[in-house]
Amino acid sequence: MTSKILVFGSPRGSNLKPALSKASQIHNSPAGPFDAFFLLGDVLSSSTPREVIDELVDGKLEAPALPTYFYIDSDSTKVPGTIRRLIDSSNNGRICENLTCLGSSGVISISNGIKLAGAGPSCSVFELEKLKVQKGIDILFTDHWPEHIDLLSSSADKIDTVKKVEKDEKITELGLIFQPRYHFVPGPVFWERETFKNEGFINASGSGGERPTRFISLAPFANADKQKWFYAFNIAVPFTPTVLPANATPNPYLEGSKIKAAQTSVEKKEEERDWIYGNGSGVKRRYEGDGSFKRSRRERGNARQPRPRSERKPVDPSTCFFCLSNPQLAQHFIVSIGEESYVTTAKGPLPTSASHRLGCPAHVLIIPLSHSPTLASITDSATRKNTIAEMVKYRRCVATMLAQHGYTAVAFEISRHNGIHFHVQVIPVPDSKLAEVQREFENAAKTNGYTIIEKDEEDENGDSGNEEDFFKVYLGGKKILYISLPPEVRFDLQFGRKVLATILDLPERSDWKSCVQDEKDEIHDAEQFKTLFKVYDFSLQE
């Protein structure tokens, strides 16, 4: 079904009434009628006339005779208290007939099932994380421009303002995740970017198709420069693939990710060169016996001279949080100990006991007894082989247990030669969400500029080989996703957890440090997991 949508640029607070009046006029003209109307940017703020606020409070403000929507600044200092209280006490943001405030961010479905998402002026990082778990977004409204949107665009090169507008990488992430058909922003100028492609789009029915995005910046309402400030269009759902315009471009966000990854690599190399040789001086610093490089007095006096990174103190088994020989080890997390590895419940688990029906988070770590940054770095070949085999056995036993309750054990590991103590994390994912896992990891990898490939799980009952630097996700069965991590690649150590937090609709739990429990709850969760795992735990079998 097709709907007709009308969008205005920012009324800048002071022009709300004229904007509503103009929308009503267009709605009743031969160009109408429309099914929905959206106002971008600064709609209600400290610059809104007092009489307009009074009319809103008294319920006398006349909105167009069609559903009208807008987002508001989450910064309470920028919105009059009377308006904030009116919105808070309203019925789902409906502050008068046909006028609805969607808060500072959120998702709604409008006529004919069209789904839209928006992020207002001061949308918090937490709100953005909550948005990321949404699916099937047709129209995206944001107050900030996405980073890299001007790449690959010949029209952007002709408008200086487009290049100068401040852009936000967090909005780029939304664009990559949602792949919206339309993305509107309030801008100082009108700019309709060339349509760009979203490769790998999968719609709600599971079928594919190259879905394009149209990005449009609308100038402020009724601006003196007579830049275009309104946009009217038709949109139909469900989406069906169409022939793209001749001037369509590749996805600028993916191109930006490639550029950023390349720049990061160069910057790291330069940083390492400066650390060793000085900032362009060509003079090597004096080598110290402890493996550090000491800066000369001349270098210390140069304020622009980059300082070397603080040396990370060596971690040995007595101080490693994953070594059983550490006297400070929190032993109440341990749920099983084998001959070469052991299993613990996670500190700050991603799921909670309330997240699913297992009675505990069931987020566990499988950890080798050997204090090694990678499995390949375990020097004794027999120990290495037995450790790999036992860790695989533990992972598969946990997977068998979770499968009995309708969950798939999604596991991931980060292996880096400069790490501290290798381990594997296993997190239960409901079978109903398993189809999302590979797609979300692939999308997140593109967003971060990582190259991810699909592999068949190798025979891990043997030697793992000499490769040390990689990230792996085990999807169940024999399928894994793999990212090679050369030394120059900076990798987010929370990457796996963040992606699974999105899939599990738990974006607020993407950082383990914000999920730490009381010791009483930690003990309860470990004991509950032991109970569930008991019949599958080979270490208990005689």
Side-chain angles (χ1 to χ4, degrees), residues 148 169 172-173 176-177 199-200 250-251 253-273 309 312 365-368 370 372-379 381 384-385 387-388 391-392 395 409-427 437-500 502-503 510:
H148 306 311
E169 64 179 352
T172 301
E173 291 180 22
L176 275 167
I177 292 169
E199 295 86 352
N251 193 308
Y253 307 144
L254 298 182
E255 181 69 15
S257 295
K258 295 175 185 176
I259 294 173
K260 183 175 287 188
Q263 288 175 339
T264 299
S265 175
V266 170
E267 288 169 1
K268 184 173 182 180
K269 288 179 179 177
E270 290 178 346
E271 183 179 274
E272 290 173 348
R273 181 199 65 200
R309 296 178 183 173
R312 185 168 67 187
L365 279 63
I366 305 171
I367 305 168
S370 297
S372 302
T374 70
L375 293 176
S377 65
I378 298 176
T379 54
S381 60
R384 178 170 64 248
K385 181 178 179 179
T387 299
I388 292 169
M391 292 182 71
V392 170
R395 175 164 55 80
V410 175
F412 63 86
E413 60 191 48
I414 302 173
S415 176
R416 303 214 81 164
H417 70 280
N418 59 352
I420 296 175
H421 195 133
F422 179 84
H423 61 279
V424 177
Q425 296 195 49
V426 185
I427 296 175
V437 176
Q438 181 168 351
R439 183 171 70 250
E440 292 298 336
F441 268 104
E442 288 174 342
N443 287 339
K446 284 184 179 180
T447 300
N448 287 276
Y450 307 142
T451 300
I452 191 166
I453 60 175
E454 181 181 325
K455 288 187 174 184
D456 290 330
E457 185 177 340
E458 59 267 52
D459 180 12
E460 290 182 307
N461 290 310
D463 198 316
S464 66
N466 296 319
E467 188 176 16
E468 293 188 292
D469 295 303
F470 58 80
F471 172 83
K472 285 183 185 176
V473 185
Y474 297 85
L475 301 177
K478 292 290 185 180
K479 184 186 292 187
I480 67 171
L481 298 178
Y482 177 92
I483 298 174
S484 179
L485 301 178
E488 69 272 11
V489 172
R490 292 183 179 181
F491 187 75
D492 182 357
L493 297 181
Q494 300 301 315
F495 176 72
R497 179 174 178 129
K498 288 178 179 178
V499 175
L500 289 174
T502 298
I503 294 166
S510 61

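- To the nearest 0.5 Å, atom NZ of residue K455 and atom OH of residue Y474 are 10.5 Å apart.
- The nearest pair of heavy atoms linking E413 to H423 is CB-O, 3.8 Å.
- Between the side chain of D469 and the backbone N or O of H417, at least one donor-acceptor pair lies under 3.5 Å.
- In this structure E173 satisfies the side chain to side chain contact (heavy atoms under 4.5 Å, CB included) test together with K132, T447, sequence neighbours excluded.
- Residues M391 and P368 have side chains in contact (heavy-atom distance under 4.5 Å, counting atoms from C-beta outward).
- Between F471 and F441, the ring planes lie tilted relative to each other; the angle falls in the 30° to 60° range.
- The two atoms that bring I503 and V437 nearest to each other are CD1-CA, 3.6 Å, heavy atoms only.
- Annotation: the span from L493 atom CG to K498 atom NZ amounts to 9.5 Å, rounded to 0.5 Å.
- Interatomic distance, CD1 of I367 versus OG1 of T387, reported as 13.0 Å (0.5 Å rounding).
- L254 has its side chain within reach of L176: a pair of non-hydrogen atoms, C-beta onward, lies under 4.5 Å apart.
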Side chain to side chain contact (heavy atoms under 4.5 Å, CB included) between K479 and D456, worked out
CA-CA 5 Å; K479 184 186 292 187; D456 290 330; 5.6 Å; no
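- Here the straight-line distance linking atom CD of E454 with atom CD1 of I480 works out to 9.5 Å at 0.5 Å rounding.
- Across all their heavy atoms, S510 and Q494 have their closest contact at O-OE1, 4.1 Å.
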Under the side chain to side chain contact (heavy atoms under 4.5 Å, CB included) criterion, do S372 and F422 qualify, and how do the steps go?
CA-CA 6 Å; S372 302; F422 179 84; 5.9 Å; no
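- Between H421 and S370 the shortest heavy-atom distance is NE2-O, 3.2 Å.
- Between V489 and R416, the shortest heavy-atom contact is O-NH1, 3.0 Å.
- In terms of the ring-ring contact (aromatic ring centres under 6.0 Å, His included) criterion, H148 has no residue partners (sequence neighbours excluded).
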What verdict does the side chain to side chain contact (heavy atoms under 4.5 Å, CB included) test give for I427 and V410, after you've listed the backbone C-alpha separation in whole Å, the side-chain angles of each residue and the deciding distance to 0.1 Å?
CA-CA 5 Å; I427 296 175; V410 175; 5.5 Å; no
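- Between atom CD of residue E442 and atom CD1 of residue I453 there is a gap of 11.0 Å, rounded to the nearest 0.5 Å.
- The aromatic rings of Y450 and F491 sit tilted, their planes meeting at an angle between 30° and 60°.
- Looking at every heavy atom in both residues, L375 comes nearest to R384 through O-CD, 3.2 Å.
- Side-chain contact between F412 and V499 is absent, with no heavy atoms from C-beta onward closer than 4.5 Å.
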